[in-house]
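See structure below.
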There are 2 protein chains.
Amino acid sequence: MENRQNKLIGIDVGGTFIKFALMDTEGAIEKDWMIPTDIAEKGKHIPKDICTSIRASVDQNELAELLGIGIGVPGPISPDGNTVVRAVNLDWEQVPLKEIIEAELAIGVRLLNDANAAALGEMWKGAAQGKADLLFVTLGTGVGGGIVLKGEVLNGCHSAGGEIGHIPVRSEENRLCGCGGRNCLETFASANGLVMSMREKLKKAGEPWHEMTSKDVFEAVAKNDPYAQAVLEDFMDILGQALAGIMNTIDVEEVIIGGGLSEAGDALLDPLKEKMDAYVFPQIRNHFSVKKALLGNKAGIYGAAYAYLTSHNNTYAGTVK
Amino acid sequence: MENRQNKLIGIDVGGTFIKFALMDTEGAIEKDWMIPTDIAEKGKHIPKDICTSIRASVDQNELAELLGIGIGVPGPISPDGNTVVRAVNLDWEQVPLKEIIEAELAIGVRLLNDANAAALGEMWKGAAQGKADLLFVTLGTGVGGGIVLKGEVLNGCHSAGGEIGHIPVRSEENRLCGCGGRNCLETFASANGLVMSMREKLKKAGEPWHEMTSKDVFEAVAKNDPYAQAVLEDFMDILGQALAGIMNTIDVEEVIIGGGLSEAGDALLDPLKEKMDAYVFPQIRNHFSVKKALLGNKAGIYGAAYAYLTSHNNTYAGTVK
């Protein structure tokens with residue numbers, strides 16, 4: 001009899017959309033789609049919406065033969081893998097998502113944090129193919145991270161593995177972070193942090209400030225604006241130093257940079273690599289790569305599916321079908 | 001027939017002494033001894049000295065039944081586990097120690113870095129018993145580290161996993177580190193760093209400087225010396241912040257502090273924990289322990305033996321006997 005159990009679903013739950021992909025075990029996507037995220041009533045409809053959308057989009061026979069489902073969510077997962085501890089963007093607290101979906105669809109589920117999913121996605125199908133040890137960094141509104149060691153995500157004892165955006169930076173500034181901390185890496189090394197640094201720089205110089213984006217800062221650098229150049233130099237110094245410190249700790253072979261700021265391409269990656277090489281332990285220097293993420297917002301669905309596929313604990317305990 | 005294969009040897013190769021222990025698989029030491037380290041002629045006699053000492057100290061029948069040998073060395077081990085890449089204190093470069101000892105004694109060998117060995121030792125028989133995820137920090141002349149995740153040492157892709165002493169610290173100072181870097185964590189947070197900070201502080205204040213040790217600094221703090229207090233506060237701030245950043249990265253449940261400075265006990269651990277809690281990601285705050293290492297200079301022999309015992313690759317390929 002033909003073994004038809006070679007398909008699975010990867011899901012990326014975001015604050016605005018929930019993305020789905022039905023793919024085979026090689027990562028070939030047969031179908032992908034998305035639905036809006038309904039965060040009303042503390043996001044209580046989201047689990048049902050996920051199940052309804054899967055039933056509507058996947059043939060019933062195919063569903064019955066499905067290997068499993070991997071789901072990336074924007075928040076920490078309990079160390080046992082069963083519960084979304086918190087997801088601010090979904091207004092979730094302690095949601096036992098694995099159990100809910102498994103009970104509804106009778107299909108095994110693996111949950112993981114979305115940054116960790118993106119890290120795995122880039123390893124499986126993106127910029128880090130063939131590698132097993134990597135640091136994935138998103139430089140967007142904030143700074144996120146996912147660490148993969150020997151092919152497995154480092155989730156941590158309190159689901160805070162790879163929370164590199166909140167590494168404290170020694171600085172005389174006093175930037176309040178969303179986490180409640182001061183001078184977290186993301187208050188400097190995110191798109192918002194870059195813009196804030198530009199504003200501070202102009203203010204100190206007595207220059208006028210007009211609302212600008214991180215892209216504007218990069219454009220000003222390209223036009224040799226000395227303020228923007230100094231701001232970007234500081235940005236690189238802080239980020240490069242922090243990433244070098246992480247390298248000295250986990251010693252991976254590949255750093256993948258994603259998020260909106262990575263669109264700056266080599267204007268970001270080249271000076272960042274240079275800074276990291278200057279700060280990293282000699283044994284590592286020149287022996288690692290810094291690359292731009294390749295999968296964009298598809299990294300999460302790939303990684304979620306891959307996480308299910310490679311989980312050591314991916315058998316659904318109940319009766320499948 | 002009685003299974004007598006329940007003994008193994010743990011070895012800790014230091015720059016001054018090589019320590020040995022014959023123990024059973026429960027870690028009960030039957031015999032321990034040490035020999036001086038002969039670093040003459042680029043340390044070429046060390047492997048033979050190790051074998052000779054084992055033959056002289058362990059009964060021949062017992063030796064033939066030995067499970068294996070774990071060896072901690074003061075330098076990085078190649079990712080394949082076969083070679084000591086470098087050991088400055090032994091004047092070693094690229095020594096294939098595993099092969100040499102296995103060929104000589106016909107017993108399986110596992111090599112690991114001494115800080116990693118100490119981390120495993122504290123987990124097996126010391127302050128971190130029952131834990132599987134921990135950060136071991138030595139605060140001595142320098143700052144060393146060993147990371148254990150899910151019971152396994154994080155050696156890293158370039159054998160630099162846990163090299164936390166070389167995490168760069170943002171500072172206006174310009175302290176040269178032994179690694180060639182500037183302002184590495186160990187230039188501030190080691191015994192030497194503490195003394196250097198005290199000297200700088202007194203110099204800036206125009207006070208006379210008399211040679212003192214890190215212990216003297218702690219004693220001055222106990223006597224409410226305001227300079228020593230300010231210096232210790234800075235020391236704790238830098239170290240606590242760096243360790244918090246590491247926690248946000250690897251998210252372990254236990255931090256074990258060893259090395260000479262740990263002798264200060266609660267005068268070190270209490271303010272350090274406080275600083276770490278102030279700087280660490282909220283999810284981790286108050287959910288981890290900072291403890292003093294328990295095994296002193298025996299951590300390495302325990303950890304080396306344990307590493308052999310738990311290695312997934314601990315079978316000697318040749319013929320035993």
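Since the structure is predicted, the reported quantities are computational estimates derived from the model, not experimental observations. Order of the sequence lines sets the chain letters (A, B, ...), proteins ahead of strands, with each chain counted from 1. What you see below is based on every heavy atom in this structure, not just the backbone, and it leaves out hydrogens, waters and symmetry mates.
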Is the number of heavy atoms from other residues, nucleotides or ligands within 6.0 Å of CD (A/Glu274) greater than 12? no
Note: vs chain B, highest number of non-hydrogen pairs under 4.5 angstrom among A/Ala242, A/Pro282, A/Gly181 is A/Pro282
Approximate separation, where rounding is to 0.5 Å, of A/Phe281 CZ and B/Cys184 SG: 8.0 Å
Interface check, chain B: of A/Gly162, A/Gly245, A/Ala160, A/Gly156, most non-hydrogen pairs under 4.5 Å belong to A/Ala160
Does anything in residues 246-257 of chain A reach chain B? List residues with heavy atoms under 4.5 Å apart, or say none. A/Ile246, A/Asn248, A/Thr249, A/Ile250, A/Asp251, A/Val252, A/Glu253
To the nearest 0.5 Å, atom SG of A/Cys157 lies from atom NZ of B/Lys131 at 8.5 Å
Cut-off 4.5 Å, heavy atoms of chain B, and the answer for A/Ile238 is both
Which atoms of A/Ser171 are under 4.5 Å from chain B, going by heavy atoms: the side chain, the backbone, both sets, or neither? neither
Chain B contacts, top residue of A/Ile284, A/Leu149, A/Ile164, A/Asn183 (heavy-atom pairs, under 4.5 Å): A/Ile284
Heavy-atom contact with chain B under 4.5 Å, split by part of A/Leu154: side chain
For A/Glu172, does the CD atom have more than 12 heavy-atom neighbours from other residues, nucleotides or ligands under 6.0 Å away? no
For chain A, find which of B/Ala244, B/Gly180, B/Ser159, B/Ala278 contributes the most heavy-atom pairs closer than 4.5 angstrom. B/Ser159
Would B/His166 and A/Gln283 satisfy side-chain contact (heavy atoms from CB on, under 4.5 Å), going step by step from the backbone distance to the final call? CA-CA 11 Å; B/His166 303 282; A/Gln283 246 157 268; over 6 Å; no
Tell me whether A/Gln241 contacts the main-chain N or O of B/Pro168 through its side chain, where contact means a donor paired with an acceptor under 3.5 Å. no
Examine whether an atom of A/Val169 lies under 4.5 Å from a heavy atom of chain B, and if so say whether it belongs to the side chain, the backbone or both; otherwise answer neither. both
Please flag which part of A/Arg86 lies under 4.5 Å from any non-hydrogen atom of chain B: side chain, backbone, both or neither. side chain
Is it true that a side-chain atom of B/His158 and a backbone atom of A/His287 form a donor plus acceptor pair closer than 3.5 Å? yes
Using a 6.0 Å cut-off, check whether atom CD of B/Gln129 has over 12 heavy atoms from anything other than its own residue. yes
As an exercise, state the distance from CD of B/Glu152 to NZ of A/Lys150, rounded to the nearest 0.5 Å. 5.5 Å
